[in-house]
Amino acid sequence: MAAVVAATSGVAHAADNLPPKQPLVGDLTTETKACATGEDRAYVGAPPTLRAALYDPEEDNQPAEANMVKGEFEAWWTDADGVEQRLTYTTNATLSGSRQLWRMPQDSIPANTVVSWHVRANDGTENSPWSSEGAGSVCEFVYDDVSPEKATITSPEYPQDVLWVDGVGVYGHFTMDSPSDDVVAYTYDFTGGPYAATVRPEQPGGSVTVPFLPLRSGPVRLAVRAIDRAGRSSGESSYSFYVQEGRAPVAHWRLDDAAGATSAGAETGTAARAGSGVTFGGPAPARTGLTSTAHLDGSSHGWLTPDAPAVADPRKSFAVSAWVRPARTDRTMTVAGQDAGRSAGFTLGLREEGTTPLWSFAIGDARVSGGAPETGEWAHLLGVYDAETGHAKLYVNGHEVGTETEATPAATTGAFQIGRVRHGEAYRDRWRGDLGDVRVHDRVVVPAEAAQLAHRRPSLLGHWSLETAPAGASPDQNGGAPLKLGDGAAIHRGPDDSCIPELDPDCPVIPYALVGDGHLTLDGRTGHAATDGPVVDTSDSFTVGVVVRLADAEPDRPMTVLSQGGEHTDAFKVRYQPSEHAWQLVMPQRDEQGAAETVVAQIAAADGGEGRGHRLAVVYDDATDQIKLHIDGGSIAAATADFPNGWPSTGPLQIGRARTGEGWGEYLHGDVDEVQAYAGALSADDINGLGWGTDPCLC
């Protein structure tokens, strides 16, 4: 019997079959590039793979898994002799909706020639229309077999191979330009980073210029590759330059002038005359290079000014910084700023926002705020304006705070002011408190420099190696107060060279000390050691390190290795908590029995008298209001918590016990060695140096 045939619009089809759908232009790609023609056509660096999604109608009277289609690709171009050339390719049949592809022959596609192509679907019986028919379109590509030429690199600020060029915190601008007219991108990388990126010219073949802010001094190498529209890469161009240290401030007043002075001498720039409300010879922040500071009384006479601008052009990058100690925090006060007509171009200081005081850096109407000012507490402030990004930043104690803010500085420049801000015909928001080391830079001060400006160098308060205890007191290595041993505490001495047990059966076996030649051993009942008075100031930054080994594998109670007390409770203690299988740093928030405690912990198994114990370090950083407990060095992440208000303790440093109620308890059963105490918060690198018998080299 003859097949029944249906006729529609003059086209005859088998009654049980419909032709495949016309491929959609949106489903066609040349490699990964969309089907396009003319100026938008694809450029490829090798004979490409053509891809198409092909569909057979779901209405065909057969199971969906039987809807199989194959693709018929056709490509054509005009050769150098003006003759049209064609290639065809038919794929294997696959399920409807599958992506069909044609890997074009490598030796048949001419270079630098416009190649057109289209595709249609075949279901084994009928063909779809070509993808180029009707509302469709042909696809075009050009096979580019020539890589672009290398880019040239130039920089007005950082000429190549010149020793040494200014400098950290000063932007350089680097122009990359390839002679090839089809370059659409440049990839570049500055060694030492943080840059590794791609940048595109406004039009093919154009040059590009990128900024680079050196963050450290030393040699820098810029590597660049030009990328053409076919994705081909040029060879690498390299450019070496040498960055010197960041240049010195353009204005600098230490404010450490002698008592009775009427002006502040300038390390750089112009001396600043002082109002009668300024008193020199005040206290300086500990462990800095300052020896004294100036006190401003907050009155209309409390100010200093050089009567000239310190920032020559506020529209360019600049930074202003100072050490500050407010005598109050309940009002807005200005550390430093610069006049701009009848207002201020910028201000650095303390701002009361609602009931919350914050440190603040303002440029015009833009402001960035953060940090927590505390009455009577030193802080280092640094405001930075980066003209390249147009953003203002604020650093407090070397750490960026708040959110950097887009700012638009005024062009007007007036006199630099310390301790007050211009408002109309008068000044206001006057500083009450101490100020020191006011600096102004005409460049960006980078994060590492911000940290260095705010750095307060830790100082060693005591180092007890616990190798001897003449008259019951173990001496401080540096001649300070000794640790006096109580009942149940003794010095264990490791073996000497008088005999070797392996060779002499009469030679007693003596365990080695934890570190060096000896350590302190505690009986867990009354054993402890203590100084006569407090060692660290627990209201300020401090660090205490210790090496400890527990004698029990399963302690039945908490045991404290370090503590220093106030009148009613310990200001801090470091203990092993067996229920948590962890060492804990415990800091009560007030000097009261039962006061709320801030606790951080590090998991560690009890030693059971074996091994080399653990190196513990407790760090309180008053600048960041954080406490940390390190275990076995600073390279391991510390347990950290916020602790905003350290309070001063009056009791001695205790080894092996803590306050419990009205008496002593939590006695340690085990061995202790290498107790080291510092004023200041040691860095993670310095923490790595604790517990080895020597003092770390502090930076």
J.: Would a line drawn from the ring center of Phe212 to the ring center of Tyr158 be shorter than 6.0 Å?
T.: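 No, they do not, as the ring centres are separated by 6.0 Å or more.
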
J.: Going from OH on Tyr143 to CD1 on Ile109, what distance comes out if it is rounded to the nearest 0.5 angstrom?
T.: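 Answer for the OH-CD1 pair, Tyr143 versus Ile109, is 10.0 Å.
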
J.: Is the backbone of Ser635 close enough, under 3.5 Å, to the side chain of Asn688 for a donor and an acceptor to pair up by distance?
T.: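 Indeed, once roles are kept as given, a pair shorter than 3.5 Å links the two residues.
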
J.: Measure the spacing between CZ of Arg99 and OG1 of Thr29 and express it to the nearest 0.5 Å.
T.: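 Output value for this atom pair is 5.5 Å.
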
J.: Nearest heavy-atom pair of Lys628 and Ala638: which atoms, and what distance?
T.: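 Scanning both residues, the minimum pair turns out to be CB-CB, 4.1 Å.
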
J.: State whether Glu236 and Arg221 are salt-bridged, where the test is any N-O pair (Lys NZ or Arg NE/NH1/NH2 against Asp/Glu carboxylate O) under 4.0 Å.
T.: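 A salt bridge is present here (some side-chain N lies under 4.0 Å from a carboxylate O).
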
J.: On a heavy-atom basis, which atom in Pro23 and which in Leu28 lie closest, and how many Å separate them?
T.: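 Shortest heavy-atom separation between Pro23 and Leu28 comes out as CB-CD2, 4.4 Å.
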
J.: Please state whether the rings of Phe73 and Tyr89 are parallel, tilted or perpendicular, taking 30° and 60° as the class boundaries.
T.: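 Tilted, since the angle between the ring planes falls between 30° and 60°.
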
J.: Please round to the nearest 0.5 Å and tell me the distance separating atom OH of Tyr55 and atom OG of Ser98.
T.: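 If we round to the nearest 0.5 Å, Tyr55:OH and Ser98:OG are 9.0 Å apart.
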
J.: Provide the closest heavy-atom pair for Val138 versus Ser132 in the form atom of the first, atom of the second, distance.
T.: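 Closest pair (atom of Val138, atom of Ser132, distance): CG1-CB, 3.5 Å.
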
J.: With rounding to the nearest 0.5 angstrom, report the OG to CD distance, Ser207 to Glu202.
T.: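 Output value for this atom pair is 9.0 Å.
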
J.: What I want to find out is whether Arg367 reaches Glu353 closely enough, with some N-O distance under 4.0 Å, to be called a salt bridge.
T.: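 Result for this pair is no, no salt bridge flagged.
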
J.: If you measure only the distance, is there a donor-acceptor pair under 3.5 Å linking the side chains of Ser217 and Trp164?
T.: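 No - no donor-acceptor pair under 3.5 Å links their side chains.
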
J.: Identify the heavy atoms of Pro447 and Tyr395 that sit nearest to each other, and give their distance.
T.: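 Scanning both residues completely, I find the closest heavy atoms to be CG-OH, 3.7 Å.
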
J.: Could you check if a side-chain atom of Pro314 sits within less than 4.5 angstrom of a side-chain atom of Ile363, using non-hydrogen atoms only?
T.: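 A side-chain contact is absent here, since even the closest heavy-atom pair is not under 4.5 Å.
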
J.: So, do Trp76 and His118 have ring centers that fall under 6.0 Å from each other?
T.: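 Centroid separation for Trp76 and His118: below 6.0 Å.
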
J.: Could you tell me if the side chain of Glu388 sits less than 4.5 Å from the side chain of His173, heavy atoms only?
T.: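 The answer is yes; the side chains approach within 4.5 Å.
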
J.: Would you confirm whether the ring centroid of Tyr188 sits within less than 6.0 angstrom of the ring centroid of Phe174?
T.: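 No, they do not, as the ring centres are separated by 6.0 Å or more.
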
J.: Distance only, no hydrogens: is a donor on one side chain within 3.5 Å (strictly under) of an acceptor on the other, for Thr187 and Thr198?
T.: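 Distance-only check fails for Thr187 and Thr198.
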
J.: Do Leu453 and Val445 touch side chain to side chain, with heavy atoms closer than 4.5 Å?
T.: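 They are in side-chain contact.
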
J.: Between Trp77 and Leu87, is there a side-chain heavy-atom distance shorter than 4.5 Å?
T.: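 Leu87 reaches Trp77 side chain to side chain.
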
J.: Please name all residues satisfying side chain to side chain contact (heavy atoms under 4.5 Å, CB included) with Pro179, sequence neighbours left out, ordered by chain then number.
T.: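 Once residues adjacent in sequence are excluded, the partners of Pro179 under the side chain to side chain contact (heavy atoms under 4.5 Å, CB included) criterion are Glu149.
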
J.: On a heavy-atom basis, which atom in Ser238 and which in Ile153 lie closest, and how many Å separate them?
T.: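 Heavy-atom minimum between the residues: C-CD1, 4.3 Å.
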
J.: Can Val170 and Arg247 be said to form a side chain to side chain contact (heavy atoms under 4.5 Å, CB included), step by step?
T.: CA-CA 9 Å; Val170 176; Arg247 59 178 178 251; 3.4 Å; yes

J.: If you look at every heavy atom in Glu31 and Pro47, which pair is closest and at what distance?
T.: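 Looking at all heavy atoms of both residues, the closest pair is OE2-O, 4.3 Å.
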
J.: Is the ring pair Phe241/Phe190 parallel, tilted or perpendicular, if the boundaries are 30 and 60 degrees?
T.: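 Plane angle over 60°, so perpendicular.
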
J.: Hey, are the side chains of Lys70 and Thr90 touching, using non-hydrogen atoms and a 4.5 Å cut-off?
T.: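 Touching, per the 4.5 Å side-chain cut-off.
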
J.: The criterion is salt bridge (Lys or Arg N to Asp or Glu O under 4.0 Å); which residues satisfy it with Asp685, sequence neighbours excluded?
T.: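 So Asp685 forms no salt bridge (Lys or Arg N to Asp or Glu O under 4.0 Å) with any residue.
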
